[in-house]
Undergrad: 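Can you keep this structure in mind? I'll have questions shortly.
In this text, all values refer to a predicted model and were calculated from it rather than measured experimentally.
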Amino acid sequence: MLKKITLLSVLMLALCLQLNAQAKFGLKGGLNLSKEKFEDSGVSVESENRTGFHVGFFIQAPITEKLFFQPEVFYSQEGGELNVSGFTVKDELDFVNVPLLLKIAPAKSFNLVVGPQIGFLVSAKQDVNGTKGDIEGVKSVNTSFSFGAGFNITDEIEIYGRYNIGLVNLNESNSGSSEIKMNTLQFGLGISL
């Protein structure tokens with residue numbers, strides 16, 4: 001898994017350098033509020049938020065004066081919490097996410113981002129009333145659709161908000177019809193180097 005992530009990061013870097021020598025590199029990080037959405041036999045339930053963080057880097061390559069390609073790689077804590085029949089179940093699903101975003105900057109201080117995101121599962125833990133263990137049957141790759149907005153405080157510092165809508169059923173089990181999808185709201189700070 002680490003080899004795949006490293007190779008993908010190197011390929012993204014090479015692509016951006018080929019697109020334009022004016023590419024910006026930077027670090028990003030911030031707060032995650034994630035929920036799991038469960039659907040089974042037409043019944044839909046959303047978990048409470050898991051509060052976590054995300055941290056990583058981005059590359060921003062200009063396509064035109066107001067349009068940019070912005071791939072990213074970051075570690076992200078996601079999951080959710082449910083209270084069912086006297087049990088408190090906390091899922092902790094951690095990913096290395098790779099969004100491939102188009103960034104539109106209609107004004108110098110404001111931008112919008114949109115694009116797909118691929119997530120590689122690095123850890124799946126569950127806490128049931130204080131008893132912790134690994135979760136079995138979670139898919140190792142997640143796909144999401146990301147969109148958001150950012151505000152430039154300076155030319156090097158940006159604050160942003162983003163929402164990631166899970167598109168893939170994370171339940172690897174073929175038995176039953178239950179689906180689990182991950183949705184994550186992110187707030188963060190990006191610093192261009």
Undergrad: Out of curiosity, R162 CZ to L185 CG, how far, rounded to the nearest 0.5 Å?
TA: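 It is 11.0 Å, given to the nearest 0.5 Å.
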Undergrad: Salt bridge check: are K103 and E158 linked by an N-O gap of less than 4.0 Å?
TA: yes
Undergrad: Would you say N169 and E39 are linked by a side-chain donor-acceptor pair, where the criterion is simply a distance under 3.5 Å?
TA: no
Undergrad: Can a side-chain donor-acceptor contact be found between S146 and N164 if the only test is distance below 3.5 angstrom?
TA: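 Present: a donor and an acceptor within the cut-off.
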Undergrad: Determine whether the side chains of Q117 and N142 contain a donor N or O and an acceptor N or O closer than 3.5 Å.
TA: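 Result is no, nothing qualifies.
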Undergrad: Given the rule in the salt bridge (Lys or Arg N to Asp or Glu O under 4.0 Å) test, do D94 and R50 qualify, once you have shown the distances and angles that lead to the verdict?
TA: CA-CA 11 Å; D94 297 346; R50 176 188 183 198; 2.9 Å; yes
Undergrad: Identify the heavy atoms of N111 and F151 that sit nearest to each other, and give their distance.
TA: ND2-N, 4.5 Å
Undergrad: Mind listing the closest non-hydrogen atom pair of F120 and V141 along with its distance?
TA: CD2-CG2, 4.1 Å
Undergrad: Compare every heavy atom of L27 with every heavy atom of F58, then report the nearest pair and how far apart it is.
TA: CE2-O, 3.5 Å
Undergrad: Would a 4.5 Å heavy-atom cut-off, applied to side chains only, mark K66 and P106 as touching?
TA: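 The answer is no, as the side chains (C-beta and beyond) never meet within the 4.5 Å cut-off.
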Undergrad: Answer yes or no: is there a side-chain heavy-atom contact under 4.5 Å between V122 and Y75?
TA: yes
Undergrad: For V128, which fellow cluster members are found when Ile, Leu, Val, Met, Phe, Trp and Tyr are connected by side-chain heavy-atom distances below 4.5 angstrom, either directly or through intermediates?
TA: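 F87, V89, listed by chain and number.
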Undergrad: Should E72 and L101 count as side-chain neighbours, where that means a heavy-atom distance under 4.5 Å?
TA: yes
Undergrad: Roughly how far apart are S192 OG and N152 CG, rounded to 0.5 Å?
TA: 8.0 Å
Undergrad: Look up atom CG in L112 and atom CZ in F147, then write down how far apart they are to the nearest 0.5 Å.
TA: 11.0 Å
Undergrad: I'd like to check I153 versus I159 (side-chain heavy atoms, cut-off strictly below 4.5 Å). Are they in contact?
TA: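 The answer is yes; the side chains approach within 4.5 Å.
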Undergrad: Side-chain donor-acceptor pairs under 3.5 Å in residues 129-138, sequence neighbours left out?
TA:
{"residue": "N129", "atom": "OD1", "partner": "T88", "partner atom": "N", "Å": "2.8"}
{"residue": "D134", "atom": "OD1", "partner": "K125", "partner atom": "NZ", "Å": "2.6"}

Undergrad: Is there a path of hydrophobic side-chain contacts, each under 4.5 Å between heavy atoms of I/L/V/M/F/W/Y residues, joining L167 to V114?
TA: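 Same cluster.
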Undergrad: Would you mind checking if E48 and K35 are paired as a salt bridge, meaning a charged N to carboxylate O distance below 4.0 Å?
TA: no
Undergrad: Nearest 0.5 Å, please: how far is NZ in K181 from CG in N171?
TA: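 The NZ atom of K181 is 12.0 Å from CG of N171, to the nearest 0.5 Å.
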Undergrad: Determine the sole option in F95, F74, F187 for which the ring-ring contact (aromatic ring centres under 6.0 Å, His included) test with H54 is passed.
TA: F74
Undergrad: Grab the two heavy atoms, one from S47 and one from F38, that are nearest each other, plus how far apart they are.
TA: CB-CE1, 4.3 Å
Undergrad: Using a cut-off of 6.0 Å, state whether more than 12 heavy atoms not belonging to K139 lie near its atom NZ.
TA: yes
Undergrad: Is any side-chain heavy atom of L33 closer than 4.5 Å to a side-chain heavy atom of T184?
TA: no
Undergrad: Locate the shortest heavy-atom distance separating P71 from L100; write the atom from each residue and the value.
TA: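 What the structure gives for the nearest pair is CB-CD2, 3.8 Å.
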Undergrad: Which pair of heavy atoms, one from S144 and one from G166, lies closest together, and at what distance?
TA: OG-CA, 4.1 Å
Undergrad: Is the shortest side-chain heavy-atom distance between Y160 and K28 below 4.5 Å?
TA: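 They are in contact (side-chain heavy atoms under 4.5 Å apart), so the answer is yes.
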Undergrad: If we ignore angles and hydrogens, is there a donor and acceptor under 3.5 Å between the side chains of N32 and Q77?
TA: no
Undergrad: Could you grab the distance from atom CD of E78 to atom CG of N183, nearest 0.5 Å is fine?
TA: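 Reported value, rounded in 0.5 Å steps: 9.5 Å.
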